[in-house]
Amino acid sequence: MNANPVQKATSGMNDAILQVDHLSMKFGGLVAIGDLSFAAKRGEITALIGPNGAGKTTVFNCITGFYKPSEGMITLNRNDGSTFLLERLPNHEIPARAKVARTFQNIRLFSGMTLLENLLVAQHNKLMKASGYTVLGLFGFSGYRKASAESVELAKHWLEKADLVDRADDPAGDLPYGAQRRLEIARAMCTGPELLCLDEPAAGLNPKESAALNELLIDIKNTSGASILLIEHDMSVVMQISDHVVVLEYGRKISDGSPQSVRTDPRVIAAYLGVDDEEVEAVLTEVGDEDVIEQLDTGPDAAHGPGTSSSYLAGPVTDTVGHSSGERVTVAKGASKAAQVDARSLAAANKAASLAAVPSAKAKPAPKAASKAATGTAAKSTASAKPAAKAGEISNRLAAPRGGKADNLTRIKGIGTVNEKKLNDHGIFHFDQIGAWKKADVEAAEAYLAFDGRIAREEWVKQARLLGQDKDTEFSRRVDAGKVATSHASAKTAKAASGKTASKTAAKPVAGKRGGGK
């Protein structure tokens, strides 16, 4: 491979301004980043998120030259068509030649200087060049005067963008925290970056300050031509302004896509909540996030998972994680919640496949029908006839709901509209069917729904027995009150409708009865 860090791109230049390929960062025998690949598109805001210790700042340090990665390639594509391999550039050339600027978790302003002076310091390269790297500026040479005037105008421009121009002559240390954050971003923009890297810019901001920050970042994206890569824990900021989100856990990518797809990814939810996949839905039910629960019913979306590079398929590189400060934290085997989600999904799929492969048991001969039919007894409806159950199938399936009307199975906590449709498609329509399930039926249902112990844990059978006896549960009352999404009309709506019908019927006099007319 060409050792020159600067290469000319072809006319069909990559749409990605930053391409990270198989990045790994090791501190001795410890791995902070393992085989990370993602792309940040030109003109977009890309967010890098994840729990504390996921390795986000280490990725930033590799991109901006503070660390040289152990493995991998970081490619920066500039607007003029030139391409830089950042891992090969000296760290001082990354902002100067590749046009990459960054801010830090801790604000690093010159607190004793004015706001204007802080922004002029960011342009010292241009001013030094105009002075001939000597004292020519002291003699008022025209070239230096022009460069100085341009620098002041650029500083004023970004002070206006940051809504700080009225405090241009105040010391930077006198600004409130949120204004200091915006000043630091304005200073970075004075270097003319094509990629702006922001390390937790919303940390410590109140909602009003976060809104002002969002406005500034959107303006930078829309008007300056710079692309933004940010690390952020404030999900309100990430979801409002990001075009693309990459999620890390223990130095591995667990999700990569749009903010909406990442928000509903079970692996991301498990990693952030710090709970096992089996507990995720219970947690979400408690907080009332029914939309996400319905998404979870469909299972994880493999399209948003990590890439299948050779080192990833080989398994974890280490059971420890190194942080940028030199701190080393031991991570227990199986600590990754996202990996637990993948493992359980794979186990459920394998279990379903093995049950499907079991040969069907030989059907027992049906008992002969009674020779005498009871007088006046109507024949049973063929709609409720039970189809013959095969091995690995639910035993009490029906061909159709009794009486042509199915029960509202979403009144059982844990059965959303998606699972209700699956159960109906499999011949389960009524509470008494679920209430009569034996162990084999529960296992067959779990294999069909790709669950692992969830039916027993959520006590579907117990809930179904109560509802089959016309008794309510706390969850069913929420469904009936219209507080939980359901595919059926809520009991509250049905009662109101029946009340109107009853009142109309009562208003009509009945012929032939007292008061019905002469």
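Residues: numbered from 1 along the sequence shown.
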query: Less than 4.0 Å between a side-chain N and a carboxylate O, is that true for K253 and D256?
result: yes
- prompt: Backbone N or O of S236 within a donor-acceptor pair of the Q240 side chain at under 3.5 Å?
  reply: yes
- request: State, without any angle test, whether T114 and D169 hold a side-chain donor-acceptor pair at a distance under 3.5 Å.
  value: no
message: Within this structure, what is the CD-CG distance for the pair E184 and N118, rounded to the nearest 0.5 Å?
response: 9.5 Å
task: Could you tell me the separation between the CG atom of L76 and the CG atom of L86, rounded to the nearest 0.5 Å?
output: 5.0 Å
message: Applying ring pair (Phe, Tyr, Trp, His ring centres under 6.0 Å), can you list everything that pairs with F110, at least two apart in sequence or on another chain?
response: none
query: Can we say K26 and E71 salt-bridge, meaning some charged N sits less than 4.0 Å from an Asp/Glu carboxylate O?
result: yes
message: Measuring only between side-chain heavy atoms, which start at C-beta, is L230 closer than 4.5 Å to T46?
response: no
task: Examine the side chains of S258 and S261 and answer whether a donor and an acceptor come within less than 3.5 Å of each other.
output: yes
- prompt: Are the side chains of K41 and L18 in touch, meaning some heavy atoms are under 4.5 Å apart?
  reply: no
message: Does any part of the side chain of M73, heavy atoms only, come nearer than 4.5 Å to the side chain of L85, both counted from C-beta?
response: yes
- request: With the side chain counted from C-beta on, respond yes when L217 and I185 share a heavy-atom pair under 4.5 Å apart, and no when they do not.
  value: yes
- prompt: Do F60 and Y67 make the cut of ring centroids closer than 6.0 angstrom?
  reply: no
- prompt: Taking atom NZ of K68 as the centre, does the number of heavy atoms from other residues, nucleotides or ligands within less than 6.0 Å exceed 12?
  reply: yes
- request: For K99, enumerate each residue passing the side chain to side chain donor-acceptor pair (under 3.5 Å) test, keeping only those at least two apart in sequence or located in another chain.
  value: none
- prompt: If you take all heavy atoms of P51 and L248, which pair is closest and at what distance?
  reply: CD-O, 3.3 Å
query: Does the side-chain contact (heavy atoms from CB on, under 4.5 Å) test come out yes or no for F38 and V245, once each step is laid out?
result: CA-CA 10 Å; F38 72 91; V245 180; over 6 Å; no
- prompt: What distance do L164 atom CG and L175 atom CG have between them, rounded to the nearest 0.5 Å?
  reply: 6.0 Å
task: Looking only at non-hydrogen atoms, find the nearest pair between F84 and R97 and report the distance.
output: CZ-O, 3.5 Å
- request: Check for a donor-acceptor pair, side chain of T83 on one end and backbone N or O of N77 on the other, with a separation under 3.5 Å.
  value: no
message: Please evaluate residues N91 and T64 with respect to the criterion side-chain contact (heavy atoms from CB on, under 4.5 Å), reporting the C-alpha separation (whole Å), side-chain torsions for both, the decisive distance (0.1 Å), and the verdict.
response: CA-CA 7 Å; N91 56 356; T64 54; over 6 Å; no
message: Distance check, rounded to the nearest 0.5 Å: R167 atom CZ versus L115 atom CG?
response: 7.5 Å
message: Once rounded to the nearest 0.5 Å, what's the spacing between atom CD1 of I241 and atom CG of L216?
response: 9.5 Å
statement: Correct closest heavy-atom pair for L119 and Q123 would be O-NE2, 3.3 Å
message: Testing the basics here: between E232 and M235, what is the closest heavy-atom pair and its distance to 0.1 Å?
response: O-CE, 3.7 Å
- request: Determine whether the side chains of R42 and S227 contain a donor N or O and an acceptor N or O closer than 3.5 Å.
  value: no
- prompt: Should V268 and R263 count as side-chain neighbours, where that means a heavy-atom distance under 4.5 Å?
  reply: no
Output a table of donor-acceptor pairs, distance under 3.5 Å, between side-chain atoms of residues 186-203 and any protein atom two or more places apart or on a different chain; print 'none' if there are none.
{"from": "R187", "atom 1": "NH1", "to": "R108", "atom 2": "O", "distance (Å)": "3.1"}
{"from": "R187", "atom 1": "NH2", "to": "R108", "atom 2": "O", "distance (Å)": "2.5"}
{"from": "T191", "atom 1": "OG1", "to": "A188", "atom 2": "O", "distance (Å)": "2.6"}
{"from": "E194", "atom 1": "OE1", "to": "N79", "atom 2": "N", "distance (Å)": "2.9"}
{"from": "E194", "atom 1": "OE2", "to": "R78", "atom 2": "NE", "distance (Å)": "3.1"}
{"from": "E194", "atom 1": "OE2", "to": "R78", "atom 2": "NH2", "distance (Å)": "3.3"}
{"from": "D199", "atom 1": "OD2", "to": "T57", "atom 2": "OG1", "distance (Å)": "3.4"}

message: Please determine whether side-chain hydrogen bond (donor to acceptor under 3.5 Å, both in side chains) holds for the pair S255 and D265, giving the CA-CA distance in whole Å, both sets of side-chain angles, and the decisive distance to 0.1 Å.
response: CA-CA 8 Å; S255 192; D265 191 325; 3.0 Å; yes
field: Working for side-chain contact (heavy atoms from CB on, under 4.5 Å), residues H233 and N52
entry: CA-CA 9 Å; H233 281 293; N52 288 329; 3.2 Å; yes
- line: One should read off an interatomic distance between I63 CD1 and L23 CG, to the nearest 0.5 angstrom, of 7.5 Å
query: Does F475 reach the side chain of T410, with side-chain heavy atoms less than 4.5 Å apart?
result: no
message: Any heavy-atom pair between the side chains of V100 and P95 that's under 4.5 Å?
response: no
message: Looking at every heavy atom in both C62 and M25, which two are closest together, and how far apart are they?
response: SG-SD, 3.9 Å
- request: Taking the side chain as every heavy atom from C-beta outward, state whether D243 and K221 have any pair of such atoms under 4.5 Å apart.
  value: yes
message: Main chain of I74, side chain of E87: is a donor-acceptor contact present, judged purely on distance under 3.5 Å?
response: yes
- prompt: Less than 4.0 Å between a side-chain N and a carboxylate O, is that true for D219 and K161?
  reply: yes
message: Would you say that more than 12 heavy atoms from the other residues, nucleotides or ligands in this model lie under 6.0 Å from the CG of N106, or not?
response: no
query: Is the backbone of V238 close enough, under 3.5 Å, to the side chain of S242 for a donor and an acceptor to pair up by distance?
result: yes
Least distance between heavy atoms, E446 atom then I455 atom: OE2-N, 3.3 Å
message: For R102 and F66: C-alpha separation, side-chain torsions, deciding distance, then whether side-chain contact (heavy atoms from CB on, under 4.5 Å) applies.
response: CA-CA 11 Å; R102 75 168 289 180; F66 287 83; 3.6 Å; yes
